[in-house]
Amino acid sequence: MENKRYRILLVEDDRLDQMAFKRLVKEESLPYDYTIAGSVNQATQILGGEKFDLVFVDYLLGDGTAFDVLESIVDTPAVFATGTGSEELAVKAMKSGASDYLIKDPSRNYLKVLPEIVKNAIRHKKAEEELKQYPEKLVELVKERTEQLAEEKEVLAVTLSSMGDAVIAVDAQNRITLFNKTAEQLTGWRFEEVRGKPVDNIIKIVNEQTKQPANSPIDSVLESRGIESGSDHDALIARTGRECPISATAAPIQRNDGTMAGIVMVLRDVSQQREIDRMKSDFISSVSHELRTPLTSIKAYAETMLEDRNMSDEIRREFLQIINEESDRLTNLINGILDISKIESGTIEIVRKPINITSVAKRAAESLEHLAGKKKVRLEIDIAEHLPELTGDENKIYSMITNLINNAIKFTPENGTVSVSAKLVNNELVIKVSDTGMGIPKDDLNKIFSRFYRVHRPGKQIQGTGLGLAIVKEIIMRHDGRIDVESEIDKGSTFTVYLPVATHPAHITSR
Ligand code: ADP
């Protein structure tokens, strides 16, 4: 600012005054680049083509007055100069737009104050301009902030609505202020219906086991003023009365001064985790059962044989046969567990070679004739001769087919029928295993291929681990095939396997 030079227009017709001004600038080294106009006419012309930081204008000019010049000045500060005793005139000039005035005295003392007046006039004009722009700037600023806030609000709203967890906020009086989409889905209430309502009337949490009302983490936050979680057995009772296992966490919403503006609570639907936990514990108990049963029987038969020295060869043979079958059961179970862990770790190996599927399917079906006979289940085998070769892992395909037939026999009561067929349909190998057994409930149909999943059959003691179909499905997928199941309760089930026949050369892969 100090180094800035000012462009000044001096409008003055008195030559002596002009000279006095020039001298002042020179002697005081004032930072002025000035132009001098000697009349209104000249001043108007100059002002039409040039811009100045300040116009210094004498009142009386040969062809008019300072007021004529003031008329053609728009944004430039103007200082009005007049002789002694014309203060009234000076006031009038100020009203007409002059920024300041100066009273010229005959001994030209006014020149001493001139630099200060110039500086002030320019400064005032600048401040005035800024002030003029302020409302405009304010409007702009408010607009900008409003847009910013709206955008932030929108981002927050979208984030909240796309969250997989239910988010519910309450004010200091525990009235609902926020309820996202997931909260609506989980509770069955819409935000419009619950806004402003006490949260306890809407969010009902119970203990899953006792069904007694559970402590809401919101109440705990009110006491502790810190983050709080519910228990591991919390369940939410939805508007419809439906119960859903949840994990609940709540945290205080604090203002800058530390007081509590409300509480935010997050509810997560944990039904899937609970289902997995249930399946795992079912699996552990069924595996231990599955291991114990054959072991108990092996031990019992072995002990009897050791104790009874006079046992007939025939009975001894029969016992050994049982021990042998039970050991096979154990081996199958252990192999199944190993297969599943290989599937989980992605290390199951498929050895691809051309397979004679007619012979593999026949062998698989015939290996279970004995079991079917023992259960008095008729086993019908219809394997087409000369089926085209399949490229794949013979052992895995064999075990996939036996697994399906084994299940069919297991879930079919006495005098039922299990049919196994294999044929070529539309260039695909179609293997069907149907039974006239107990069937599978509709709700379970898409779950039976999951690891450890077993259909809950109250009152029926059927052995198993829930691994068989998961392995079957993985084997089929690894051979680029698919499996379908149709079933009707107490009528029977049909599992259909589709496998592409050999189109690619034999090779060996491992993952
Ligand atoms: P597991 O037989 O060891 O229980 P699987 O994975 O082989 O396990 O089968 C999963 C579930 O599917 C079984 O618990 C059973 O209820 C059902 N299932 C499979 N095959 C049949 C079938 N042929 N008929 C009726 N239910 C079946």
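Note that ligands are numbered from 1 as they come in the structure, with each ligand's atoms numbered from 1 the same way. Below, each value reflects all heavy atoms present in this structure, side chains not excepted, and no hydrogens, waters or symmetry copies.
Salt-bridge annotation for R363 and E394: present, with a side-chain N of the basic residue lying under 4.0 Å from a carboxylate O of the acidic one.
When the side-chain contact (heavy atoms from CB on, under 4.5 Å) test is applied to N180, the partners found at least two apart in sequence or on another chain are L160, M163, A166, V167, T182, A183. Residues that satisfy the ring-ring contact (aromatic ring centres under 6.0 Å, His included) test with Y453, not counting sequence neighbours, are absent from this structure.
Residues lining ligand 1 at a heavy-atom distance below 4.0 Å are given as N407, A408, K410, F411, D435, G439, I440, I448, Y453, R454, V455, R457, G464, T465, G466, L467, G468, L469, S493, F495, ordered by chain and residue number.
In this structure, the side chains of T358 and H386 stay at 4.5 Å or more apart for every pair of heavy atoms.
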Next on the checklist: With salt bridge (charged side-chain N to carboxylate O under 4.0 Å, His left out) as the criterion, how do K491 and E486 come out once you've worked through the C-alpha distance, each side chain's angles and the decisive distance to 0.1 Å?
Outcome noted: CA-CA 11 Å; K491 289 259 167 67; E486 281 168 51; over 6 Å; no
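Residues in residues 224-238 take part in these side chain to side chain donor-acceptor pair (under 3.5 Å) pairs, two or more places apart or across chains: Q209-H233, S224-E228, S231-D234.
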